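Here the structure comes first, spelled out in structure tokens, and everything after it is commentary.
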Amino acid sequence: MKDVDVTAFYFTNSRCFPRQIEFEGQKLSFLENGLRCLVQKGQDLIQIFNMTDGQKLYRLSFEPGNRTWKLLNTRTL
């Protein structure tokens, strides 16, 4: 898991998705076709996003309680 900064968002169907992230000196932009799901962790709801740049799939998490974004994993499509 790596901490990331989300620098841009897009909105669809009244939902917010990450559009661009920065981590380890890299900038990545995602296509606008992400998937979002909610996972309960104790009493908190964590948002999990599966996003792609067309080459790789990126799984991100957002914890609203402490407002942190993490890159959970990546895999090649």
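Starting from 1, each residue takes its place in the sequence as its number. For clarity, every value in this text was computed on a predicted model and none was experimentally measured.
Residues F49 and F62 keep their aromatic ring centres 6.0 Å or farther apart.
Separation of atoms CG (N73) and CG (N50) is listed at 8.0 Å; rounding is to 0.5 Å.
Looking only at distances, no side-chain donor or acceptor of N13 sits under 3.5 Å from a matching main-chain atom of R15.
Considering only residues two or more places apart in sequence or on other chains, K2 meets the salt bridge (charged side-chain N to carboxylate O under 4.0 Å, His left out) condition with E24.
Q47 approaches P64 most closely through the heavy-atom pair NE2-CG, 4.0 Å. The heavy-atom pair separating G34 from Y10 by the smallest distance is N-OH, 3.1 Å. Summarising the geometry of F11 relative to C16, their closest heavy-atom pair is CE2-CB, 3.6 Å, with the distance given to 0.1 Å. Here the closest heavy-atom approach between residue I48 and residue S61 is recorded as CD1-CB, 3.7 Å.
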Report the C-alpha separation of L60 and V6 in whole Å, then their side-chain angles, then the decisive distance to 0.1 Å, and conclude whether the side-chain contact (heavy atoms from CB on, under 4.5 Å) test is met.
-> CA-CA 10 Å; L60 304 162; V6 177; 5.5 Å; no
Could you walk me through whether T74 and R59 pass the side-chain contact (heavy atoms from CB on, under 4.5 Å) check?
-> CA-CA 6 Å; T74 63; R59 181 165 288 166; over 6 Å; no
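Checked by atom type, the side-chain pair Q20/T7 shows a donor-acceptor distance below 3.5 Å.
For CD of Q55, the number of neighbouring non-hydrogen atoms (other residues, nucleotides, ligands) closer than 6.0 Å is 12 at most.
Chaining together hydrophobic side chains whose heavy atoms lie under 4.5 Å apart places L77 alongside L57.
Both F23 and M51 are members of a single hydrophobic cluster when ILVMFWY side chains are connected at heavy-atom separations under 4.5 Å.
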